[in-house]
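See below for the structure under consideration.
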Amino acid sequence: MRITYFTTSVALRHLRYGVGQSLLTIGVVAISVLLIIYLQTIIGGLQTRLIRNTTGAIPHITLESPERVPIAAWRLTNKDSTQLYVGETVNLPKAQERIEDWRLWVGALDAPEADYVAVSPVVAGTAFMFRGARRQTVRIQGVIPERHNGIVDIESNLEGGRFLQLASGEVAMGRKLARDFGVKLRDKIRLVGPQGQTLSVTVGGIFETGFGPVDDGTLFMMLRDGQSLLGYGTAVSTIGLKLADIYEAETRAADLAARAPFKVRSWIGDNPNLFRNLQSQSQTSNLILVMAVIAAGFGIASILIMSVTGKYREIGILKAMGATPQEIQTIFVIEGFLLAILGCIVGVPLSIGLLQALASVRSVGPDGRSTQIFEIEIDPTLLLTASLIAITTGAIAAFFPARRAGSVDPMQVIRGA
Amino acid sequence: MPDPKAVIELQGVGKTYVSGETSTPVLFDISFKIMPGEFVAIVGGSGSGKTTLLNLMGLLDRPTVGALCIQGRPVQELEEEERAVVRRDRVGFIFQFHYLLPEFTVIENALMPSRMRGVRWERTHTSRMTQLLETVGLGDKLKSRPSQLSGGQQQRVAVVRALANEPALVLADEPTGNLDSKSGRVVFDLMRKLARETGTAFVMVTHDDNFALETDRVIRIKDGRILADAPTGSR
């Protein structure tokens, strides 16, 4: 490359003189840039929404007490025994699967080097909820509110009352559950646990997170209350963990499973189809992206090849007058480069405009809430990456026609005159 | 030993084109030198090898044998990039067809070789080229595009362009071949005048004996050999 006043001025003049061709190439690059930015943003937004809907209200990793696998009695005794054992496999009640030493583990998982965004011990089960003659089965989640709010953000979705400052003897419930059951803030309800334990509580908070299972049938209460209602003593049933990068869930879960005496579940393992779909969606979008880049590359290359062919004589004469092959190559690389840059200058604002227009499209859901149809977050890094891809493609696409131009033999041009 | 005063010197230059197993000798044992300010005509019939000779002198082609020196410097072994630089700095070209760049104006075309050399819009240089264009009667066409000029005018721009870098040697391949007799005369007179005024050596390949006899010296070529090399006495 030899960027000089001569090479730059000839390249610029070529572009200005062949304005039709230049505009066509700029259009091709702009559309490719638009396609890259649009696809990545829309598909990225869709995936973000899907992932948020799936993982927004659940821990990314859940630690449970390992399942108790029944062992035949004869395995524990002398194998050569001739005694006859008769027995049956009995599944122990769920409440029996508990984590007694959870404080120890929560302490360890809280350490900065463990790198979890939230660590929440939970005691979970079902109970009956009574108010007057009404009765309903509900899921009970005994939690430490300030910890569990890191798993599912209830505090900022409160419609009334409190969650972080929830007191013993208080519960928080979803708006839909409260409406269906006909209770409001500060109403008293009675709960009966699986083993008959009863607990009278006050509605201390009503929220709407947008996550159906949380809003429809879950009661949150203080960990202690949950433990006594569900008969857990001082134990918990699970420890929920939230990660900064949700895609790490599977590897982090495997790592934990190897080091801790728990059954470890990750959201990815629990939703294998969703994860596979997301992956294939990413692959499809990458494929389209590659196609768009190739189309832009071919666009630039073909226009420049036409330009080189059309200027064959001119190039020969420039070389006869003393332009070096390198200078001639530089002229055409500059042309490709400038076309790509101009394509980005047109394509990036066009993409931003289109995305902003799409972001303003809203629809009203069955719950009367107005929501964005497209999840759109314009990412400056994506704009920059798309531009860099287009410019690099332009330079690479220009290289081959440029090399051809550089190798034009002035003798042939003069002889052919 | 090459003559350092000679603008160009050829010693036993020969050229054979090889294509597959066929080799076609075109030039044999050509030796001469051209001094500054000389106006030389190379004449010969079609296929005599005069254009090949001009291409060798302009470093567009390489001799198969012999030595070629420009201003005392042997140039036949130079790399492609170096040959381009010698062409740019020391040699001017005028072709049968003008080959002006259509995207550039008359003055920009005339300044193109100096742009290649890295001279941008240096005032004295630009005014010299403007003056030259005025001398050739194109003072009012400086901002015109080549397509707006007649054939004779285009060729006059090409002559001025050949002088942009003040070369020691201008090579003209049938510069009047594409023009009517009146325009051809204007272009020829212009070259002769510029050779005298600037001290630049002009070598012109021509079919036209009338023009040839008005130069300082005629080199006659036949079948790739020099048949005669003599002054015309017209100076």
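In what follows, chains are A, B, ... by sequence order, proteins preceding strands, each numbered from 1. Note that these values count all heavy atoms, side chains included, but never hydrogens, waters or copies made by symmetry.
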Counting only heavy atoms closer than 4.5 Å, note whether B:Arg90 contacts chain A via side chain, backbone, both or neither. neither

Using the ring pair (Phe, Tyr, Trp, His ring centres under 6.0 Å) criterion, which residues pair with B:Phe211? Sequence neighbours excluded. B:Phe188

CD of A:Glu314 to CG of B:Leu100, rounded to nearest 0.5 Å, is 10.0 Å

If you round to the nearest 0.5 Å, how far is CG of B:Leu101 from CG of A:Leu318? 5.0 Å

Chain A contact via B:Arg161 - side chain, backbone, both or neither, heavy atoms under 4.5 Å: side chain

Could you pull out all residues at least two apart from A:Ser22 that satisfy side chain to side chain donor-acceptor pair (under 3.5 Å)? none

Passes side chain to side chain contact (heavy atoms under 4.5 Å, CB included), B:Glu103 versus A:Arg16? Steps please. CA-CA 8 Å; B:Glu103 300 92 344; A:Arg16 228 173 74 187; over 6 Å; no

Which atoms of A:Ser9 approach chain B - backbone, side chain, both or neither, heavy atom under 4.5 Å: both

Give the intermediate values and the outcome of side chain to side chain contact (heavy atoms under 4.5 Å, CB included) for residues B:Arg87 and A:Thr324. CA-CA 10 Å; B:Arg87 275 203 302 274; A:Thr324 63; over 6 Å; no

Distance, nearest 0.5 Å, that separates CE of A:Met411 from OG1 of B:Thr51: 9.5 Å

Could you check whether B:Glu80 pairs with A:Lys319 (Lys NZ or Arg NE/NH1/NH2 to Asp/Glu carboxylate O, under 4.0 Å)? no

Reported CZ-to-CE distance for the pair B:Phe95 and A:Met321, which is rounded to 0.5 angstrom: 8.5 Å

